[in-house]
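Whatever order the structure lists ligands and atoms in, that order sets their numbers, starting from 1.
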Amino acid sequence: MKPVPTLEWRIDHLKLLDQRQLPAEEVYIDCRSTAELASAIKTLAVRGAPAIGIAAAYGAVIAAVETPESTNFFKDCGDLLDVLASTRPTAVNLFHCLDIQREILFSSSSKAIAADRLLSSAHRLFEEDLEASRVMGRFGADLLPDGCTVLTHCNAGGLATAGLGTALAVIYEAHARGILSNVYADETRPLLQGARLTSWELQKAGIPVKVLPDSAAASLLRGGTVDAVITGADRVAVNGDSANKIGTYPLALAAFEAGVPFYIVAPVSTFDRGSPDGAHIEIEERGREELAVMAGRQILPDGVEVYNPAFDVTPVKLITSIICEKGVISAPDQIEW
Ligand code: MRU
């Protein structure tokens with residue numbers, strides 16, 4: 001099955017499906033400078049941990065081309081990589097991909113060689129992510145019962161990766177095997193990645209999906225009709241604590257209380273040796289306007305402040321298994337690093 005055209009390198013620029021416009025419009029933007037790409041990542045034109053990382057890897061190519069050839073080339077280009085790294089703090093894939101690109105940059109002997117090697121590396125990261133999503137889909141589907149009903153949160157699909165996604169790769173594979181009966185997608189306040197994006201891509205793939213308010217998930221789980229909760233992650237800490245879109249933690253609590261397995265699907269590029277546990281994961285806080293305005297209408301009185309974290313951390317004790325491209329980690333508090 002064809003992955004969603006989330007991001008594509010075109011000779012000298014990165015073409016992105018503008019996810020801010022979905023589902024109303026399927027429009028593309030061309031990023032030809034690091035400033036354009038940094039803004040696209042910050043404003044969620046491209047989003048989802050693996051997709052952000054790969055976009056930034058191509059951003060390093062743009063940075064190398066954009067930086068004038070001079071004695072300062074490597075330092076100036078490195079500064080542009082820092083700009084890309086400053087866009088979003090939680091998804092570790094961004095730093096993983098930029099670290100790889102930085103090493104290539106600083107081990108190159110000229111601008112032309114750096115640009116060439118950075119492009120090959122970005123293509124390789126794209127292909128690795130595509131393959132990881134295929135493999136994770138198979139591992140995850142093996143865990144699901146025949147005729148299963150699953151619940152997912154945010155968008156961990158083709159829109160969030162180079163391939164078919166992480167959590168949604170499992171759902172696509174279960175559908176292909178004929179074992180999937182129902183998919184529920186949390187709407188995922190405040191930016192509605194579930195309502196706008198997950199429902200869009202599943203519908204496009206011919207998979208029926210029901211969207212529910214985030215606040216309805218606990219009672220749905222308690223009702224006993226859901227066989228598994230499956231989400232992606234933005235960062236997995238050494239002890240297995242996992243950060244994902246805000247609302248994942250309460251979903252995991254509700255799944256635990258209802259005795260429903262809670263699976264995280266994430267490629268190894270989302271695992272962070274630098275975070276011993278969830279308390280060490282930086283959680284992005286986003287702007288007031290995301291809560292103050294809905295569908296173009298002001299919904300908060302002037303002057304009212306907001307608390308708007310984009311992610312939360314699910315403690316490992318609530319996670320049944322973590323599925324990565326190397327297999328199923330059924331004791332996620334004992335990951336072999
Ligand atoms: O703020 P977003 O839309 O980038 O958040 C995305 C998520 O939280 C996803 O669930 C996560 O990146 C996993 S995507 C394969």
- [ ] Without swapping roles, check the side chain of D227 against the backbone of T149 for a donor-acceptor pair under 3.5 Å.
- [x]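 Pair found, side chain donor or acceptor close to backbone of T149.
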
Task: Donor-acceptor contact present, side-chain D312 to main-chain G247, <3.5 Å - done: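 Checking the backbone N and O of G247 against the side chain of D312, a donor-acceptor pair under 3.5 Å is found.
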
Proximity flag [X] to ligand 1, non-hydrogen atoms under 4.0 Å:
X: R88; result: yes
X: A310; result: no
X: T231; result: no
X: P50; result: yes

Enumerate the atoms of ligand 1 whose separation from the nearest heavy atom of [X] is less than 4.0 angstrom.
X: Q193; value: 1 (O), 2 (P), 3 (O)
X: F311; value: 1 (O), 5 (O), 8 (O)
X: A160; value: 14 (S), 15 (C)
X: N155; value: 9 (C), 14 (S)

Task: Shortest protein heavy-atom distance from atom 11 (C) of ligand 1, along with the residue and atom involved - done: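 That would be D234 OD1, 3.1 Å.
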
Task: Side-chain heavy-atom pair Y249, T314 within 4.5 angstrom cut-off - done: yes

- [ ] Could you tell me which residues satisfy salt bridge (charged side-chain N to carboxylate O under 4.0 Å, His left out) with R196, sequence neighbours excluded, listed by chain and number?
- [x] none

Open item on the list: Suppose we screen for salt bridge (charged side-chain N to carboxylate O under 4.0 Å, His left out). Which residues come up paired with D116, at least two apart in sequence or across chains?
Closed with: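 Applying salt bridge (charged side-chain N to carboxylate O under 4.0 Å, His left out) to D116 gives none.
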
- [ ] Examine A156 against ligand 1 and note whether any of their N/O atoms are separated by less than 3.5 Å.
- [x]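 No.
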
TODO: Please determine if R177 and D142 form a salt bridge, counting it only when a charged side-chain N lies under 4.0 Å from a carboxylate O.
DONE: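 D142 and R177: salt-bridged.
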
Open item on the list: I want to know whether Y58 and H13 have ring centres closer than 6.0 Å.
Closed with: no

TODO: Decide yes or no on salt bridge (charged side-chain N to carboxylate O under 4.0 Å, His left out) for D82 and R102, but give the supporting numbers first.
DONE: CA-CA 10 Å; D82 291 344; R102 201 180 297 275; 3.0 Å; yes

Open item on the list: Given I52, T166, N244, L159, identify the one with the heavy atom nearest to atom 15 (C) of ligand 1.
Closed with: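 The option holding the nearest heavy atom is T166.
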
- [ ] Kindly identify the option in H153, K245, M136, R47 whose heavy atom sits closest to atom 1 (O) of ligand 1.
- [x]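 Residue with the shortest heavy-atom distance to the ligand atom: K245.
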
